[in-house]
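Scope of the values below: all heavy atoms of this structure, side chains included, with no hydrogens, waters or symmetry mates. In what follows, chains carry the letters A, B, and so on, assigned in the order in which the sequence lines appear, proteins first and then strands, with residues in each chain numbered from 1.
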Protein chains: 2
Amino acid sequence: MKYSQATDYALHAMLNLVASAPDKPVGVQQLAEKLGVSPTYLSKLMTKLVKAGLIVSTPGANGGYRLRKAQDEISFLHVIQAIEGTASLLECSLDHGDECLIQQVVRDAERQMEQLLASKKLSDVAKRLPATD
Amino acid sequence: MKYSQATDYALHAMLNLVASAPDKPVGVQQLAEKLGVSPTYLSKLMTKLVKAGLIVSTPGANGGYRLRKAQDEISFLHVIQAIEGTASLLECSLDHGDECLIQQVVRDAERQMEQLLASKKLSDVAKRLPATD
DNA sequence: CCATTAAGGACTATATGTATCTATAATAGC
DNA sequence: GCTATTATAGATACATATAGTCCTTAATGG
Ligand code: SF4
Ligand code: SF4
């Protein structure tokens, strides 16, 4: 089980936005170049982030993307779920109801992980981002 | 991000083994029938569990699978990792070294989840398994 | 020796993820 | 208004992973 590569791109793109001036939008071209990804592909991911309410986009000349909220209000979980969705890890076909302990265990485990991911904000890592990124 | 269906099968198969008599091996035929899966496919999954050291198999007449360890020593994490592997959720191509906070956050989150999954044993859910399973 | 059962290789089908191309819409600046 | 710029979106192509089947081989009990 792995996060899709798209999640990796999204996280790095978001951190690049954090590192940029907050009022100057960053275009997908620049982002794609820094990440070494195809611009058109990255564009679709950015659109997902827009729809998730994490960033805002402005088309036209000097357009691009900028954060919608303060960087200390955007958590890892926000970014990850914007790309990966919020489905549970275990999707059993039969639904034996609430008494199913199997699902409870997995849900609990998910909650544990999500709790930590939600507590970590972009600002927590923005301070010390590897230089070449 | 979701566990593969194979993980779902493996968990249910293991719990069926727990529910069976510990000395009588259970064949893949019976298991497959209970789970509603193809026997040949399930067979491959069972082999993975064998290689992970969770169960032992005996071929030949009256053969099948049985638990290798006590049911309170087998955790959810054991079963899940036997199928899904142990790779990290985030596999970035560039490796910027230990100071990368992005990876640290994700690793921490993984550890949180794994810690809970490791603490939950098969015996914890075997007591109250939905009837139709 | 024979029936039974697991293991494993080869193969197919399907789904998902990754990526490209093209067209459309919106915005800023002239 | 016109034009350049930039995001959005659909269609399409490609790669990879998952899911599943078929057949052969090996091991065990009777
Ligand atoms: S026992 Fe739980 S996980 Fe299994 S099929 Fe029933 S509801 Fe789903
Ligand atoms: S910053 Fe961290 S996650 Fe990103 S490419 Fe570098 S090592 Fe990988």
Side-chain angles (χ1 to χ4, degrees), chain A residues 1-10 12-13 17 20 23-33 35-68 80 82-85 87 89-93, chain B residues 1-10 12-13 17 20 23-33 35-68 80 82-85 87 89-93:
Chain A
M1 182 199 48
K2 258 184 48 184
Y3 286 143
S4 69
Q5 210 174 337
T7 297
D8 187 288
Y9 294 155
H12 286 78
L17 289 189
S20 308
D23 48 343
K24 253 213 153 57
V26 182
V28 74
Q29 308 286 350
Q30 310 164 48
L31 284 176
E33 197 171 331
L35 303 187
V37 202
S38 137
T40 44
Y41 184 46
L42 182 59
S43 166
K44 292 197 185 301
L45 304 181
M46 300 308 286
T47 302
K48 280 193 177 182
L49 296 176
V50 169
K51 291 191 173 164
L54 302 183
I55 57 179
V56 287
S57 67
T58 54
N62 297 324
Y65 303 95
R66 64 177 204 279
L67 296 184
R68 181 185 170 91
I80 291 171
I83 304 295
E84 299 280 333
L89 282 177
L90 196 70
E91 302 272 340
C92 79
S93 45
Chain B
M1 183 201 47
K2 260 183 47 185
Y3 285 144
S4 68
Q5 212 174 335
T7 298
D8 187 288
Y9 294 153
H12 286 79
L17 290 189
S20 307
D23 47 344
K24 252 213 154 53
V26 182
V28 75
Q29 308 286 349
Q30 310 165 48
L31 284 175
E33 197 172 332
L35 303 186
V37 201
S38 138
T40 44
Y41 184 46
L42 183 60
S43 167
K44 292 195 186 302
L45 304 181
M46 300 309 286
T47 301
K48 280 193 178 183
L49 296 175
V50 170
K51 292 192 172 164
L54 302 183
I55 58 179
V56 286
S57 67
T58 54
N62 297 324
Y65 303 96
R66 64 176 204 278
L67 297 184
R68 181 184 169 90
I80 291 172
I83 305 295
E84 299 280 333
L89 282 176
L90 197 68
E91 301 272 340
C92 80
S93 43

Enquirer: How do A/Val37 and B/Ser57 order along DNA chain C: which one's closest nucleotide is nearer the 5' end?
Expert: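 Nearest-nucleotide comparison on DNA chain C picks B/Ser57.
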Enquirer: Under 4.0 Å: is that the gap between some side-chain N or O of A/Lys51 and OP1 or OP2 of D/dA9?
Expert: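 Yes, within the criterion.
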Enquirer: For B/Ile83 and D/dT18, what is the distance between atoms CD1 and P respectively, to the nearest whole Å?
Expert: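 My rounded result for the distance is 12 Å.
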Enquirer: If I take atom CG from residue B/Leu42 and atom CD from residue B/Gln30, how far apart are they, to the nearest 0.5 angstrom?
Expert: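 Reported value, rounded in 0.5 Å steps: 11.5 Å.
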Enquirer: What distance do A/Ile80 atom CD1 and B/Met1 atom CE have between them, rounded to the nearest 0.5 Å?
Expert: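 Separation between the atoms: 8.0 Å.
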Enquirer: Tell me the interatomic distance from B/Ile55, atom CD1, to C/dT5, atom P, rounded to whole angstroms.
Expert: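 About 16 Å, once rounded to whole Å.
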Enquirer: Tell me whether the side-chain N/O atoms of B/Thr47 come closer than 4.0 Å to OP1 or OP2 in C/dA7.
Expert: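 So the side chain of B/Thr47 is within the cut-off, an N or O lying under 4.0 Å from OP1 or OP2 of C/dA7.
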Enquirer: Take a 6.0 Å sphere around CD of B/Glu91 and say whether it holds more than 12 heavy atoms from other residues, nucleotides or ligands.
Expert: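 Check passes, neighbour count above 12.
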Enquirer: So, taking the atom named CG in B/Leu89 and the one named OH in A/Tyr3, what distance separates them when rounded to the nearest 0.5 Å?
Expert: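 B/Leu89 atom CG to A/Tyr3 atom OH measures 5.0 Å (nearest 0.5 Å).
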Enquirer: Enter the distance from A/Gln5:CD to A/Leu45:CG here, rounded to the nearest 0.5 Å.
Expert: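 CG of A/Leu45 is found 10.0 Å from CD of A/Gln5.
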Enquirer: If you find the nucleotide of DNA chain C closest to B/Gly27 and the one closest to B/Lys44, which residue's nucleotide is nearer the 5' end?
Expert: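 Comparing both residues, the 5'-ward one is B/Gly27.
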Enquirer: Rounding to an integer number of Å, can you tell me how far B/Leu42 CG sits from C/dA6 C1'?
Expert: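 About 12 Å, once rounded to whole Å.
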Enquirer: Closer than 3.5 angstrom, by distance alone: can the side chain of A/Glu84 be matched with the main-chain N or O of A/Ser4 as a donor-acceptor pair?
Expert: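 Flag set: sc A/Glu84 to bb A/Ser4 pair under 3.5 Å.
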Enquirer: Dump the pairs, protein N or O against N or O of nucleotides 27-30 of chain D, anything under 3.5 Å, distances to one decimal.
Expert:
{"residue": "D/dT28", "atom": "O2", "partner": "B/Ala61", "partner atom": "N", "Å": "3.4"}

Enquirer: For B/Arg66 and C/dT5, what is the distance between atoms CZ and C1' respectively, to the nearest whole Å?
Expert: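 After rounding, the reported distance stands at 15 Å.
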Enquirer: How many whole angstroms separate atom CD of B/Gln29 from atom C1' of C/dA7?
Expert: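 After rounding, the gap between these two atoms is 14 Å.
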Enquirer: Report the distance from atom OH of A/Tyr65 to atom P of D/dT6, rounded to the nearest whole Å.
Expert: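 In whole Å, D/dT6 P and A/Tyr65 OH are 12 Å from each other.
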Enquirer: Taking OP1 and OP2 of C/dG8, is either one under 4.0 Å from a side-chain nitrogen or oxygen of B/Lys48?
Expert: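 It does not, given that no N or O in the side chain of B/Lys48 lies less than 4.0 Å from OP1 or OP2 of C/dG8.
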Enquirer: Any chance you could measure A/Lys44, atom NZ, to A/Thr40, atom OG1, to the nearest 0.5 Å?
Expert: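 Taking NZ in A/Lys44 and OG1 in A/Thr40, the distance rounds to 7.5 Å.
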Enquirer: If you check every side-chain atom of B/Thr40, which of D/dC22, D/dA7, D/dA9 has the closest atom?
Expert: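 Closest nucleotide among those given: D/dC22.
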Enquirer: side-chain contact (heavy atoms from CB on, under 4.5 Å) between A/Tyr65 and A/Val28: does it pass, once the steps are laid out?
Expert: CA-CA 8 Å; A/Tyr65 303 95; A/Val28 74; 4.1 Å; yes
Enquirer: With B/Leu49 as reference, evaluate B/Leu67, B/Ile55, B/Val56, B/Leu17 under the side-chain contact (heavy atoms from CB on, under 4.5 Å) test and give the passing residue.
Expert: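 That would be B/Ile55.
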Enquirer: Please encode protein proximity along nucleotides 13-18 of chain C as a string of B, S and -, counting only heavy-atom distances under 4.0 Å.
Expert: -----S
Enquirer: How many whole angstroms separate atom CD of A/Glu91 from atom C1' of D/dA19?
Expert: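 Taking CD of A/Glu91 and C1' of D/dA19, I get 17 Å after rounding.
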Enquirer: In this structure, how many angstroms lie between the C1' atom of D/dA7 and the CG atom of A/Leu31, rounded?
Expert: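 A/Leu31 atom CG is separated from D/dA7 atom C1' by 12 Å.
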